[in-house]
2 protein chains.
Amino acid sequence: MPASTNAQAKNGNLLNNAGLRNTTQRALIMDIIRQGRGHLDADEVYRQAKRKQPRISLSTVYRTLQKLKGLGLIEELHFDEAHHHYEIKHPSEHHHLTCFGCGKVIEFQYPLTRLVKRNVHEAKEFDITQTELHMAGYCEQCRKNKK
Amino acid sequence: MPASTNAQAKNGNLLNNAGLRNTTQRALIMDIIRQGRGHLDADEVYRQAKRKQPRISLSTVYRTLQKLKGLGLIEELHFDEAHHHYEIKHPSEHHHLTCFGCGKVIEFQYPLTRLVKRNVHEAKEFDITQTELHMAGYCEQCRKNKK
DNA sequence: CTCAGTGCAAAAGCTTTGCATAATA
DNA sequence: TATTATGCAAAGCTTTTGCACTGAG
């Protein structure tokens, strides 16, 4: 049984459970985001989607991203650039480390919320619902290459 | 001696040291950002600036923000929204906690870079040059008001 | 006096929206 | 069949850029 069948069924269920219609466009967009290891922006999702469904429109991509974000199925990240990046939502708190040299993105987990609430006085009574950490710099390899 | 005189002299020095001309527009924009406790976006800087210099243009605001950012005098932050926010650069590593209810922004310091480099395997050999943590939720007071 | 900086207006992204058509449940 | 979702095109925002003029050094 091919992997795509699994993924499609999974997407369909997620959409149905959320009360949304399971259209081919939505399933495709979710597939792309799920497989998008580097974090994709809307235009990149659109370009990848067009390869499989040439008639898909940018508006559909944007509308789908909004819907999925609203449902908590994907996460919208705000990096250095003017546009947003999207990824499938992870169950646990995780963060990002980007290399300016090669552009690779390392994800790592770290219980920052707990830590900050424990150590920062003003945060103690805060009900933190969103945590976004982005670090960037140069990875070992790119530093070597520069020398 | 009024505070504004100090601030203006300070801005002038900063600009001169950076090899930039000390124009009234730049001095004003730096003043606004320095005093902008909540983090201002370009348009807010523009509107405040127009109150003192009605002929100032949005392009000047954008160009100045870019210059100052390039020189490391101000920091560009990427929050939830589509546009950027700016603040005077702090010497030490600090982070943000925003209340969705009342919009207040709490700044706090925390040596995250050191911590992550020490505890996250992939980060050990990374040369981290940029760290941006943004947390958000509801402060104690807003939680009480909701009940 | 020179050249960096400014204001204005126009252009260039990214994102949203209105409306007729197509597809799902 | 009744809506919901899509595609297209047009509009909306934020940000950038070209050019002639102004002002700091």
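Reminder, nothing fancy here: chain letters follow the sequence lines and each chain counts from 1. The structure displayed is predicted, hence computed values, not measured ones.
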Does a side-chain N or O of [X] approach OP1 or OP2 of [N] to a distance below 4.0 Å, or not?
X: B:Gln66; N: D:dT16; value: yes
X: B:Thr23; N: C:dA4; value: no
X: B:Thr60; N: C:dG7; value: yes
X: A:Arg26; N: D:dA5; value: yes
X: A:Arg21; N: C:dA23; value: no

Quiz item: Quick one: does B:Arg55 reach the base of C:dT6 with a side-chain donor-acceptor pair under 3.5 Å?
Solution: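 It does not, because no donor-acceptor pair links the side chain of B:Arg55 to the base of C:dT6 below 3.5 Å.
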Quiz item: Is a donor on one side and an acceptor on the other found under 3.5 Å between the side chain of A:Glu122 and the backbone of B:Phe108?
Solution: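 Not at all, since once roles are kept as given, no pair shorter than 3.5 Å links the two residues.
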Quiz item: Ignoring hydrogens and geometry, is there a side-chain-to-backbone donor-acceptor pair from A:Arg143 to B:Glu125 under 3.5 Å?
Solution: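 Pair found, side chain donor or acceptor close to backbone of B:Glu125.
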Quiz prompt | For B:Ala136 against B:Leu97, the heavy-atom pair lying closest together | solution =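 Of all heavy-atom pairs spanning B:Ala136 and B:Leu97, the closest is N-CD1, 4.4 Å.
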Quiz item: Is there a side-chain contact between B:Leu40 and B:Tyr86, using heavy atoms and a 4.5 Å cut-off?
Solution: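 No, side chains not in contact.
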Quiz item: So do B:Leu112 and B:Glu93 actually touch side chain to side chain, heavy atoms under 4.5 Å?
Solution: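 Yes, close enough: below the 4.5 Å cut-off.
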Check nucleotides 9-12 of chain C for protein N or O atoms closer than 3.5 Å to its own N or O atoms and list the pairs.
from  : atom 1 : to      : atom 2 : distance (Å)
C:dA9 : N6     : B:Ser59 : OG     : 3.4

Expressed as a whole number of angstroms, how long is the span from [X]:[atom1] to [N]:[atom2]?
X: A:Leu20; N: D:dT4; atom1: CG; atom2: P; value: 11 Å
X: A:Gln25; N: D:dG7; atom1: CD; atom2: C1'; value: 9 Å
X: A:Tyr62; N: D:dC13; atom1: OH; atom2: P; value: 16 Å
X: A:Lys67; N: D:dT4; atom1: NZ; atom2: C1'; value: 8 Å
X: A:Tyr46; N: D:dT6; atom1: OH; atom2: P; value: 14 Å
X: B:Leu68; N: C:dG5; atom1: CG; atom2: P; value: 11 Å
X: A:Arg47; N: C:dG13; atom1: CZ; atom2: C1'; value: 13 Å
X: B:Leu15; N: D:dG23; atom1: CG; atom2: P; value: 18 Å

Exercise. With heavy atoms under 4.0 Å as the rule, sort A:Leu58 into base, sugar-phosphate or nothing.
Key: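 Since a base atom lies under 4.0 Å of A:Leu58, the category is base.
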Exercise. Test A:Glu132 against B:His96 for side chain to side chain donor-acceptor pair (under 3.5 Å), laying out the working first.
Key: CA-CA 10 Å; A:Glu132 194 173 309; B:His96 299 85; over 6 Å; no
Quiz item: If you find the nucleotide of DNA chain C closest to A:Ala42 and the one closest to B:Ser57, which residue's nucleotide is nearer the 5' end?
Solution: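 The residue closer to the strand's 5' end, by nearest nucleotide, is B:Ser57.
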Quiz item: Is a side-chain donor-acceptor pair under 3.5 Å present for A:Glu76 with A:His84?
Solution: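 There is such a pair (donor and acceptor under 3.5 Å, judged by atom type) between the side chains of A:His84 and A:Glu76.
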Quiz item: Are A:Thr60 and A:Gln25 linked by a side-chain donor-acceptor pair shorter than 3.5 Å?
Solution: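 Judged by distance alone, the side chains do not pair up.
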Practice problem: Among C:dA25, C:dG18, D:dT17, find the nucleotide with the atom closest to the side chain of B:Arg63. | Solution: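 Given the options C:dA25, C:dG18, D:dT17, the side chain of B:Arg63 is closest to D:dT17.
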Practice problem: For the helix from C:dC1-D:dG25 to C:dA25-D:dT1, figure out the bend between the end axes, five pairs an end, and round to 10 degrees. | Solution: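 Axis angle across the helix from C:dC1-D:dG25 to C:dA25-D:dT1, nearest 10°: 40°.
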Self-check item: Residues B:Arg47 and B:Glu44 bridged, charged N to O under 4.0 Å
Solution: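 Salt bridge between B:Arg47 and B:Glu44, a charged N being under 4.0 Å from a carboxylate O: yes.
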Practice problem: Give a yes or no on whether the ring-centroid distance for A:His95 and A:Tyr110 is below 6.0 angstrom. | Solution: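 Between A:Tyr110 and A:His95, which both carry aromatic rings, the centre distance is not below 6.0 Å.
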